[in-house]
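Atoms considered below: every heavy atom in the structure, side chains included; atoms not considered: hydrogens, waters and symmetry mates. Heads up: numbering here begins at 1 and tracks the sequence.
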Amino acid sequence: MILDNSMIQNSLLSPEALRRRKNLKKGIDFTLLVIGQEGSGKVSFINTLCNQTVLDKDTFNIKPEHSSVSPGIDIVKLHVNITDDKDSTPIALDIVMTPGFGDNIDNSRCITRVVDFIEREFDQMLEEECSIQRNPKFKDGRPHVALFFIKPTSRGLREMDVVALKRLTKLVNVIPVIAKADSLTDDELKLNKRLIMGDIRANKINIYDFSTDSQDNEAIAEAQWLFETLPFAVAGSYEKEYIDGKMVHTREYDWGTMHVEDTDHTDFTTLRNSLFGSHLEELKTSSHQVLYESWRRDKLASDGGVLNANTISSNYSKPGSKFTSTVHPTPYVENLTESNVSLTELFKTDILGPTTLLEIERKKKQMEAYMADLKNLEMRLRNTGINA
């Protein structure tokens with residue numbers, strides 16, 4: 001066997017270096033959901049966050065001639081690869097935008113459309129888990145975190161914000177963000193942060209709290225500091241300049257220059273480091289092991305814990321739905337609805353797959369047949385004894 005130079009070089013690397021090289025090639029999948037009204041600075045923030053032009057500044061603007069018409073709400077998916085430097089692990093970032101959210105005369109259905117989108121991704125994941133033969137090319141589209149942009153009104157949260165946050169936090173890690181923080185004075189920013197967090201606590205909204213399982217005092221202190229910093233005050237900019245040999249995003253004002261990455265000016269760097277660094281894996285773990293698993297248990301335990309063909313079917317076949325999707329469930333259990341045995345507790349153990357359910361049903365039928373044969377045998381013996 002002839003070894004080329006790359007194979008020889010790989011054989012000389014340490015296991016840690018090999019793992020790092022593999023991660024550099026593969027990258028880390030991460031899905032970010034962005035929610036907020038038009039004019040809250042979402043587009044400039046996303047471009048600044050990714051350090052590249054992902055969206056044009058006029059992409060989602062409502063034209064003046066259409067300003068009197070409710071725009072509805074769209075779900076727009078984007079993909080971008082983020083690499084800070086040649087030695088960093090690349091992030092394959094999927095961005096989900098929600099243009100039209102909160103911009104309608106009647107916004108009651110806006111949050112429903114977003115929740116429907118998340119649950120559709122959950123349904124597809126559940127169907128994949130329940131498949132006997134998995135799809136190796138299956139793409140997990142569940143969002144790992146949602147940035148909820150709040151306009152600073154110095155009055156805390158609006159009723160729509162409260163309703164939206166309560167529903168979203170059951171399905172996705174939500175981080176509240178104050179939009180266009182560079183438009184506020186220090187006192188105004190402190191007031192808005194205090195009022196928003198006060199409303200979040202008063203309404204018992206379970207936003208992402210940055211908690212950690214680590215016993216390290218430094219990690220615990222960092223998590224507490226991050227939570228106390230919420231909501232993050234952020235800003236974005238299309239202008240760049242070099243300061244001290246480093247490229248930064250800036251905004252020029254009459255009173256001076258705002259540096260987006262400067263922690264004395266905004267919380268942008270803190271948020272970015274949390275999303276793509278210190279809490280990236282924690283966000284992914286929380287979204288799967290806590291939020292998705294909670295939804296999954298409720299889904300499987302619905303209807304008294306009896307699984308039927310519709311349990312894993314999508315709810316997105318509604319006429320006229322923008323997210324119409326036909327999902328064909330696998331009919332791996334027949335006539336289970338006629339059973340007197342509830343599977344609720346079994347589902348809660350999270351160990352039952354379709355093969356196990358089939359085996360349970362088969363054994364159950366065998367037991368019923370055995371009991372019938374035993375009953376017939378007893379009757380024959382009884383009749384024999386009488387005749388004797």
Side-chain angles (χ1 to χ4, degrees), residues 28-33 35 94 96 111-112 114-136 138-148 164-175 204-214 219 223 227 274-275 278-316 323 325 327 329-330 332-333 336 341-360:
I28 301 174
D29 293 326
F30 194 70
T31 302
L32 173 67
L33 176 61
I35 302 173
D94 288 320
V96 182
I111 186 58
T112 299
V114 178
V115 168
D116 285 349
F117 162 75
I118 299 173
E119 290 191 331
R120 181 182 69 164
E121 298 297 335
F122 280 12
D123 274 326
Q124 290 177 351
M125 185 66 192
L126 179 58
E127 185 188 16
E128 178 65 17
E129 288 179 342
C130 292
S131 298
I132 296 177
Q133 184 173 355
R134 298 290 185 91
N135 179 8
F138 174 76
K139 172 66 176 176
D140 182 6
R142 295 171 298 170
H144 300 113
V145 63
L147 298 184
F148 193 89
L165 286 169
K166 280 189 172 182
R167 295 187 66 183
L168 284 170
T169 50
K170 295 178 181 179
L171 300 171
V172 63
N173 300 303
V174 177
I175 297 178
K204 298 180 180 179
I205 300 172
N206 297 318
I207 59 174
Y208 184 66
D209 61 2
F210 295 94
S211 59
T212 176
D213 294 331
S214 173
F227 185 73
S274 299
L275 292 176
S278 62
H279 284 76
L280 185 147
E281 290 300 331
E282 284 82 353
L283 287 165
K284 296 185 69 171
T285 300
S286 174
S287 64
H288 178 71
Q289 296 185 2
V290 180
L291 296 167
Y292 170 71
E293 285 300 317
S294 176
W295 174 89
R296 177 178 176 272
R297 282 193 296 270
D298 291 342
K299 183 81 169 180
L300 293 178
S302 61
D303 299 326
V306 178
L307 187 66
N308 53 58
N310 294 323
T311 300
I312 58 172
S313 65
S314 174
N315 295 322
Y316 305 89
F323 308 108
S325 172
V327 180
T330 304
Y332 48 80
V333 178
L336 192 57
V341 180
S342 173
L343 298 179
T344 302
E345 295 304 319
L346 292 176
F347 282 133
K348 289 182 179 179
T349 63
D350 291 334
I351 60 173
L352 293 184
T355 303
T356 307
L357 288 169
L358 262 179
E359 185 66 16
I360 290 174

Note to self: Using 30° and 60° as the class boundaries, would you call the ring planes of Phe122 and Trp295 parallel, tilted or perpendicular?
What the structure shows: perpendicular
Next item on the list: Determine the interplanar angle of the His288 and Tyr292 rings, folded into 0 to 90°, and report it as parallel if under 30°, tilted if 30 to 60°, perpendicular if over 60°.
Entry: parallel
To the nearest 0.5 Å, how far apart are [atom1] in [X] and [atom2] in [Y]?
X: Leu165; Y: Ile205; atom1: CG; atom2: CD1; answer: 5.0 Å
X: Arg296; Y: Leu126; atom1: CZ; atom2: CG; answer: 6.5 Å
X: Asp140; Y: Lys284; atom1: CG; atom2: NZ; answer: 8.5 Å
X: Phe148; Y: Ile207; atom1: CZ; atom2: CD1; answer: 11.5 Å
X: Lys299; Y: Ser294; atom1: NZ; atom2: OG; answer: 13.5 Å
X: Phe117; Y: Arg142; atom1: CZ; atom2: CZ; answer: 12.0 Å

Checklist line | Closest non-hydrogen atom pair between Pro143 and Ile118, with its separation | finding: CG-CG1, 4.1 Å
Item checked: Nearest non-hydrogen partners of Phe30 and Leu275, listed with the distance -> CZ-O, 4.1 Å
Main-chain N/O of [Y] paired to [X] side chain as donor or acceptor, under 3.5 Å:
X: His144; Y: Thr31; answer: yes
X: Thr285; Y: Glu281; answer: yes
X: Glu282; Y: Phe210; answer: no
X: Arg134; Y: Glu129; answer: yes

Check: Any side-chain donor paired with an acceptor under 3.5 Å for Asn173 and Ser286?
Finding: yes
Next item on the list: Salt-bridge test for Lys139 and Asp94: reply yes if a basic N is under 4.0 Å from a carboxylate O, no otherwise.
Entry: yes
Next item on the list: Take atom NZ of Lys204 as the centre, draw a 6.0 Å sphere, and report whether it contains more than 12 heavy atoms from other residues, nucleotides or ligands.
Entry: no
Check: Would Val145 and Leu33 count as a side chain to side chain contact (heavy atoms under 4.5 Å, CB included) if you check the C-alpha gap in whole Å, the side-chain angles of each, and the deciding distance to 0.1 Å?
Finding: CA-CA 6 Å; Val145 63; Leu33 176 61; over 6 Å; no
Next item on the list: Start with the C-alpha gap between Val96 and Leu32, add the side-chain angles, then the distance that decides, and say whether side chain to side chain contact (heavy atoms under 4.5 Å, CB included) holds.
Entry: CA-CA 6 Å; Val96 182; Leu32 173 67; over 6 Å; no
Note to self: My understanding is that only residues two or more places apart in sequence, or in another chain, count here; which of them pass side-chain hydrogen bond (donor to acceptor under 3.5 Å, both in side chains) with Thr112?
What the structure shows: Arg167
Checklist line | Any Ile35 side-chain heavy atom under 4.5 Å of Leu147 side chain | finding: no
